[in-house]
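Take a look at the structure below.
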Amino acid sequence: MPVQAAAASWIDRMPRIKQRFPHLKASNAPSILDDRDKFVAYLARTHHLTLNEAREEVDDFLYIESLLRELDGRKH
């Protein structure tokens with residue numbers, strides 16, 4: 001799978017990520033699922049955050065996503 005398609009596929013699986021991180025570019029962003037540290041560094045650069053702030057934002061985002069997945073699972 002080409003890198004651009006791989007980036008798009010993980011972003012497509014997380015539709016709320018562009019809402020939370022508006023400067024995210026699928027073609028440039030490392031996968032949050034495959035290399036979290038690289039994604040955190042990318043997020044810090046593109047959203048003018050410190051590494052610590054970016055890490056906290058990612059942790060918060062992933063926690064909320066896990067809660068939403070859990071709720072969706074209970075609906076079915």
Side-chain angles (χ1 to χ4, degrees):
M1 179 182 290
V3 173
Q4 205 165 15
S9 68
W10 76 262
I11 288 174
D12 292 341
R13 292 189 312 231
M14 298 180 149
R16 288 173 287 277
I17 199 162
K18 284 289 286 175
Q19 223 174 337
R20 179 83 180 248
F21 308 119
H23 303 297
L24 185 71
K25 301 262 189 275
S27 59
N28 298 338
S31 171
I32 194 173
L33 304 173
D34 297 332
D35 196 335
R36 190 172 173 161
D37 290 337
K38 280 187 182 177
F39 181 81
V40 166
Y42 169 84
L43 188 66
R45 278 193 318 276
T46 58
H47 288 74
H48 307 290
L49 302 167
T50 66
L51 284 175
N52 232 13
E53 290 169 333
R55 192 171 296 109
E56 288 174 5
E57 287 291 329
V58 168
D59 289 345
D60 289 348
F61 175 77
L62 292 175
Y63 177 69
I64 291 169
E65 286 297 299
S66 72
L67 293 176
L68 291 170
R69 275 193 307 277
E70 188 176 320
L71 285 174
D72 283 346
R74 289 184 180 182
K75 289 180 185 176
H76 301 287

Rounded to the nearest 0.5 Å, what separates atom [atom1] in [X] from atom [atom2] in [Y]?
| X | Y | atom1 | atom2 | result |
| --- | --- | --- | --- | --- |
| Glu65 | Ile17 | CD | CD1 | 7.5 Å |
| Ile32 | Leu62 | CD1 | CG | 4.0 Å |
| Arg55 | Leu43 | CZ | CG | 11.0 Å |
| Lys18 | Lys25 | NZ | NZ | 5.5 Å |
| His48 | Glu53 | NE2 | CD | 12.0 Å |
| Phe21 | Tyr42 | CZ | OH | 11.5 Å |

Heavy-atom pair with the smallest gap, counting every atom of [X] and [Y]:
| X | Y | value |
| --- | --- | --- |
| His47 | Pro22 | NE2-N, 3.5 Å |
| Arg16 | Leu68 | NE-CD1, 3.2 Å |
| Ala54 | Val40 | CB-O, 3.5 Å |

Single-linkage hydrophobic cluster, 4.5 Å side-chain cutoff, Phe61 and Ile64 together
no
Any residue meeting salt bridge (charged side-chain N to carboxylate O under 4.0 Å, His left out) with Arg45, in chain and number order, not counting sequence neighbours
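Counting only residues at least two positions away or on another chain, Arg45 forms no salt bridge (charged side-chain N to carboxylate O under 4.0 Å, His left out).
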